[in-house]
Amino acid sequence: HLGRDPLTMDRETLEALHLVFLAPRSIQSDFSRERAQEVAALASQGYITTRQAKDTYGRQWRITPTGQTVLVARGLL
């Protein structure tokens, strides 16, 4: 789903990233279950996180500044 270059991200993964940008998604939501592979790839690359503040983690996936940069580069923001 993700290569070294975020500009080569496949459509499904990019769509998942955009949806998280539009609205944070619960870690146990249908969205997260149905897109488990995309969510795992995005989180492992640092494009989404559950981090809310230093040493504080929540139960929702949120886009990171790095993830927003990808959306800008792909023309979605």
Side-chain angles (χ1 to χ4, degrees):
H1 290 308
L2 296 174
R4 290 193 183 276
D5 181 359
L7 295 179
T8 64
M9 185 183 297
D10 68 37
R11 186 183 61 76
E12 292 84 9
T13 305
L14 184 62
E15 179 181 285
L17 182 61
H18 191 236
L19 290 171
V20 171
F21 168 76
L22 294 174
R25 306 294 171 141
S26 167
I27 59 173
Q28 294 182 330
S29 65
D30 289 341
F31 170 88
S32 295
R33 287 186 188 101
E34 292 165 2
R35 294 173 177 84
Q37 191 169 4
E38 290 83 6
V39 167
L42 290 166
S44 70
Q45 294 294 317
Y47 298 136
I48 62 174
T49 187
T50 60
R51 186 176 181 182
Q52 295 175 322
K54 184 179 179 186
D55 300 325
T56 304
Y57 294 85
R59 300 185 53 76
Q60 290 190 322
W61 290 112
R62 300 173 186 280
I63 195 164
T64 65
T66 303
Q68 288 180 357
T69 299
V70 171
L71 294 181
V72 168
R74 294 294 295 266
L76 295 172
L77 292 184

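Hydrogens, waters and symmetry mates are skipped; everything else that's a heavy atom, side chains included, is used.
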For Leu76, side-chain contact (heavy atoms from CB on, under 4.5 Å) partners two or more places apart | Leu14, His18, Leu71

Contacts of Ala40 that satisfy side-chain contact (heavy atoms from CB on, under 4.5 Å) - sequence neighbours left out | none

With sequence neighbours excluded, residues passing side chain to side chain donor-acceptor pair (under 3.5 Å) with Ser32 | Ser29

For residues 57-64, please give each side-chain donor-acceptor pair under 3.5 Å, one per line with the distance, not counting sequence neighbours.
| residue | atom | partner | partner atom | Å |
| --- | --- | --- | --- | --- |
| Arg59 | NH2 | Gln28 | OE1 | 3.0 |
| Gln60 | OE1 | Arg62 | NH2 | 3.2 |
| Thr64 | OG1 | Gly46 | O | 2.6 |
| Thr64 | OG1 | Tyr47 | O | 3.2 |
| Thr64 | OG1 | Thr66 | N | 3.4 |
| Thr64 | OG1 | Gly67 | N | 3.1 |

Gln68 to Leu77 - nearest heavy-atom pair and separation | O-CD1, 4.0 Å

Mind checking whether Glu38 and Glu15 have side chains closer than 4.5 Å, heavy atoms only?
-> no

Can you name the salt bridge (Lys or Arg N to Asp or Glu O under 4.0 Å) partners of Asp30, sequence neighbours left out?
-> Arg33

Evaluate side-chain contact (heavy atoms from CB on, under 4.5 Å) for Arg25 paired with Val39, printing each intermediate quantity in order.
-> CA-CA 10 Å; Arg25 306 294 171 141; Val39 167; over 6 Å; no

Between atom CD of Gln37 and atom CG of Asp10, what is the distance when rounded to the nearest 0.5 Å?
-> 8.5 Å

Interatomic distance, CG@Leu17 vs CZ@Arg74, rounded to 0.5 Å, equals 10.0 Å

